[in-house]
Amino acid sequence: MGASASRERFKSHLLTLTPPPSSALSPTLAPAFFSDFWLTPSSPSDVFTLLTPSYVRLLLSAHFPNYEQLFNQATAQLCQIVETPYGIYFDQALNCVRVLTRFVPFLLELEGDGVGVGDGDGDGGEEDNGKLELKEKVEVMCWSKKTASSSDDTESETETEPEADGAIALNEEQESLALLVVHAAMHMLFLPHFTCDFFDEKEDENESESETEKKREKEKEKESTNGILASHASSSPSPTSPSLRRASSTSNSNDNPPNPLLPNPLGIIWTAGVHANIEDLYCYQSTKLYDKNRIEVMRLLLACCGGKLFTRGENGDENDIENENENDNNNTTPNKDSRWLSVAVARDAPNAAALFYSLLNTVLSHSFNNPAGVPYLGRGMTELQELSLQLLIVFLDGNNNNNIFRELLSSIKSPSDLKFCWDGFVRLLSNTYESNSTYLPGSVAKINCHQEVLVLFWKFLEENEGFGRFVLGMGVPEQSISVAEAEAEAEAQEREMESETKENGINTPPPTPTTPTPTTNFKPNICELVVPLCYLILSSRSDPCSVGLVNICTFILLKLSGERTFGVALNQPFLKRLPVEMPRFTGSHADLVAISLHKLIIMNDRKLASLTSCFMTIICNVSPYFKKFSLTTSVKLVNLFEFFSTPKKLYSSTSSHESINHLVLLGEIFNNGIQYQFAGNQQLLYTIIRRRKVFQDLANLTINKAVQDWEGLQCMTPGTRTREKVDVNSPFVAIKPSEEWLANLKSVIPLETICRLLAHLAPQVDDLCDGRNGVVSEEEIISFLRDTTLVGLLPVPHPIVIRKYQANKFTRSWFTSYMWGVIFLRNQKFPLFDGSAIKLFTVATI
């Protein structure tokens, strides 16, 4: 059958599902219809083209019995293919996957709808009543543990109709359809000869006992290396496929319950990386067919987990925080995950550990594969890798307490695994500027999923404390052992095995114990991450569509800036040239951070105004460790001080408070450089002395001068007619300064250190210039400052204040909205979700 004929046949089946309005009730469809429906060849393009949003909504609302029967049949097909993974049924299973991928998002729309069961106010009219009735039907269909009556009518003895056995499986399991769909999809991602390979039965039979013992010891060693505790026994369902059942029986010979944090078996992980080496895998060379099937199934899982899109985001009301626990039973509130997502990340989710490591390794093992450096030979991210990245961050975003994926992420503690993750992040993020730094356009493959990579990196920082310490060069205490400790542990292990051998009466020598490997001396260079973050900030600052990208880069820098080791590491010299507009300078990575953030502050963009405090906090946090401010950085920081101390900023009713806070942070930055890094900051001292008037005017500000400046602003304010009265409708409203206001201003801005410095050094620099008739170079003045000391002249050094990022509910909500916005835009080839129904954010059609 040709492609066009299959398309027409599929289209005719869809017309059968939606009979004309003359039919009062949709008749129950015969099993033969579904047999022919699933056997009809289709493609993702055909399914998404023919199953339009309007058609699916019509089928759901006007022909719900047919919708329910089709949903039951598709679920039964998936359950059956998991039970009996025969190749002749794979095409049918893919058809079911595609139809469910199209159907599930419209069920999620109803779950996230504002009109809930029992929430009607009585005056919504027939439309609201119909929506309530439809929502109740969907609730029963998806979440009731009573199987659909139609499933009993679908039994057939035909070999090409596996849905009959699937219906039996539904009756046996007595689980909800939503749970069966998610679990079946997670099983299908590790289905033999569909998405992965397994060891052949004969190979296992011929395998020697010594090899089996070695493998067991290796798995025990890997478990201890990753710091995973075999606690919290899982109630996960028994494996369904024969190969999984066989692997489960061999791995649990001592009747111990399986550990949900360990892949079982280990070899089904798709790609080598975290928790899996190449020799551990059954098949480490993915085929195009496996990748194609994995993409189809992962697309279904992603569609099932998209319930957040149809709930409204946080509105910032404090009452929501107080009532957060009271709304736990309401599944449609934005504070709760979609129930479909909760099923996917629960501890009893099948193959969760194998799926986590497969997704993570697939993403972070990507290499641009151009060792010879020949242009245009590198490869970018494949669709499988991009979809793996999106599905992984969705799983990790689940904020319920029963998220096994977050447990797995926090359990990565081995230095080798952490190094693998770090190298993957650096390799992917560095591509953002390396692909644009070539002489031949497009000669280096470019990835487009850097936003998802940043979200994944943020999840690592939030969930895995050891990873944060590792990337900052602080080590991983839980895994750091000395050679002596490693040898002692090996001896104890050997004695224990010898005692067990004597008790069992076995004369054969025990296997050689494995000596734990001490922590390596590898220390990540955090500057390798700072460079792409600064590049993304600078390149996205003028794009209104990239405000979210600037936000996430800022959050990452803010979180890292709270650690001392981060500020110390920024003193490394910056020798690269980024393909972005920025002033040329000679300095360190600290200068790169300060100059990049300064450029965003002076833009005065309304969309970035809320981030200004974060920009200033980042610079202030790392300033005590700046060994040397470059002249460019010093000038720009003094410019910022002058900018925020202008009368228009100080007396503005909207920005006065923020401007004072920014002046406080700038004062701390200058004081940190003077008090703690005086020996290398002559250029900062030179800039402060040269621009002394900026600081002296603020330090010597009087109430008469403040009122005079305020009156000048009144004259300049458009829409005002008199100097005494301010027009509240004008775009700029100035507050009149008072004695109390001025006293508070001078008490909070730390200018004492700068004033003492100016009182001592400014006259000496003036004398140096006057002695040479004003002909003095900057180098001579800086050399003079280098030989000067301020010991005994400055006040007692102030304590270093570090302002750390504090996780909060609203930041998490923003990350969820940002993540789903990126995923929605990145899945437009086959649009999983209808933009007109999304409530988490606004979708504008241009």
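Every value quoted in this text rests on a predicted model; they were computed, and no experiment measured them.
Minimum heavy-atom separation, D417 to I412: CB-CG2, 3.8 Å. Between L39 and N95, the shortest heavy-atom distance links the atoms C-ND2, 4.5 Å. Nearest heavy atoms, A352 versus F405: O-CE2, 3.7 Å.
For the atom pair CG (L302) and OG1 (T101), the distance works out to 9.5 Å, reported to the nearest 0.5 Å. In this structure, S411 OG and E463 CD are separated by 11.5 Å, a value rounded to the nearest 0.5 Å.
Residues satisfying the side-chain contact (heavy atoms from CB on, under 4.5 Å) criterion with S410, sequence neighbours excluded, are absent altogether. With sequence neighbours excluded, the residues forming a salt bridge (Lys or Arg N to Asp or Glu O under 4.0 Å) with E386 are R826, listed by chain and number.
Between Y67 and F103, the two ring planes are parallel [angle under 30°; tilted spans 30° to 60°]. The aromatic rings of F37 and F33 sit parallel to each other, their planes meeting at less than 30°, with 60° as the upper class boundary.
Salt-bridge annotation for K459 and D397: present, with a side-chain N of the basic residue lying under 4.0 Å from a carboxylate O of the acidic one. Taking the charged nitrogens against the carboxylate oxygens, D46 and K11 have no contact shorter than 4.0 Å, which rules out a salt bridge. Comment: K137 does not engage E68 in a salt bridge, judged by the lack of any side-chain N to carboxylate O separation of less than 4.0 angstrom. With respect to R299 and E383, a salt bridge is recorded, a charged nitrogen being found less than 4.0 Å from a carboxylate O. Between D291 and K288, no side-chain nitrogen of the basic residue sits less than 4.0 Å from a carboxylate oxygen of the acidic one, so the salt-bridge criterion is not met.
Formation of a donor-acceptor pair under 3.5 Å by the D834 side chain with backbone atoms of P53 is not found in this model. Within the 3.5 Å criterion, the main-chain N or O of V274 finds a donor-acceptor partner in the side chain of N361.
Checked against the 6.0 Å centroid threshold, Y357 and W270 do not count as a close aromatic pair. Aromatic rings from Y290 and F194 are positioned such that their centres are separated by 6.0 Å or more.
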Check against side-chain contact (heavy atoms from CB on, under 4.5 Å), W143 and E111: CA-CA 11 Å; W143 297 106; E111 287 192 7; 2.7 Å; yes
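Defined by atom type and a distance below 3.5 Å, a donor-acceptor pair is present between the side-chain atoms of Q80 and T84. At a cut-off of 3.5 Å, with distance as the only test, a side-chain donor of S54 or T52 sits close to an acceptor on the other residue.
Partner of S388 under the side-chain contact (heavy atoms from CB on, under 4.5 Å) criterion, chosen from V363, T271, L360: V363.
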